[in-house]
Amino acid sequence: QVRLVESGGGLVQAGGSLRLSCAASGRTFSSYAMGWFRQAPGKEREFVVRIARSDGSTYYADSVKGRFTISRDNAKNTVYLQMNSLKPEDTAVYYCAADKARVLTSRPEYWGQGTQVTVSA
């Protein structure tokens, strides 16, 4: 089992940047595929990006491709989401997610509590 804790959210102007972090408990972080989802007010939770557990391959939603970058540091049990060129439509609660699998599934087993990202126009 793994426990996920996000940090780094906040308020930023359009065009700005934020870096989210997700710290995972346990000693088998490298066994987990990781990723980020987000949920805007009144909308369903949506996939943002994922990173594989072994080769670090990544996959991005079209809406964030070229602006967001996911990375992981297995030595620190942490996954990061660098968000650049933020837009008001990126405003959402961002959730870290994990699966004990090579690639994150569409319904991850483990979730963090979420961190709020607000982008002002």
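Bear in mind that the values here come from a model prediction, so they are computed numbers and not experimental data. The figures here come from the full heavy-atom set of this structure, side chains too, leaving out hydrogens, waters and symmetry mates.
By the 6.0 Å contact criterion, NZ on K65 is enclosed, its count of non-hydrogen atoms from other residues, nucleotides or ligands being greater than 12.
Across all their heavy atoms, Q116 and T91 have their closest contact at NE2-CG2, 4.0 Å. Nearest heavy atoms, A92 versus A40: CB-N, 3.8 Å. Pairing each heavy atom of S21 with each of W36, the nearest pair is O-CH2, 3.7 Å. Contact detail for L86 and L18: the closest heavy-atom pair is CD1-N, 3.9 Å.
Criterion: ILVMFWY side-chain heavy atoms under 4.5 Å apart, direct or through other members. Under it, V12 and V64 are part of a common hydrophobic cluster.
Going from atom CG of L104 over to atom CD of E109 covers 11.0 Å, rounded to the nearest 0.5 Å. Considering OG of S31 and CZ of R53, their distance stands at 6.0 Å, rounded to 0.5 Å. Rounded to the nearest 0.5 Å, atoms CG (L4) and OH (Y110) are 9.5 Å apart. Taking CG from L81 and CD from E6, the interatomic distance works out to 11.0 Å, rounded to the nearest 0.5 Å.
In this structure, the side chains of L20 and Y80 stay at 4.5 Å or more apart for every pair of heavy atoms. In this structure, the side chains of R45 and Y95 come closer than 4.5 Å at one or more pairs of heavy atoms. By the 4.5 Å heavy-atom criterion applied to side chains, F29 and M34 are counted as neighbours.
Identified under the salt bridge (charged side-chain N to carboxylate O under 4.0 Å, His left out) test for residues 89-106, with sequence neighbours left out: R38-D90, R67-D90.
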Stepwise, does the side chain to side chain contact (heavy atoms under 4.5 Å, CB included) test hold for R50 with I70?
CA-CA 7 Å; R50 69 179 188 227; I70 190 171; 5.7 Å; no

Check the pair M83, V117 against side chain to side chain contact (heavy atoms under 4.5 Å, CB included), reporting the backbone distance first and the verdict last.
CA-CA 10 Å; M83 305 185 294; V117 171; 3.9 Å; yes

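Put simply, the residue from N74, I51, D73, V49 that forms a side chain to side chain contact (heavy atoms under 4.5 Å, CB included) with V79 is I51.
No hydrogens or angles considered: a donor-acceptor pair under 3.5 Å links the side chains of N84 and S17.
F37 meets the ring-ring contact (aromatic ring centres under 6.0 Å, His included) test with F47, W111; sequence neighbours excluded. For S25, the side chain to side chain contact (heavy atoms under 4.5 Å, CB included) criterion is met by V2, R3, not counting sequence neighbours.
Judged by distance alone, the side chain of T115 and the main-chain N or O of G9 form a donor-acceptor pair under 3.5 Å.
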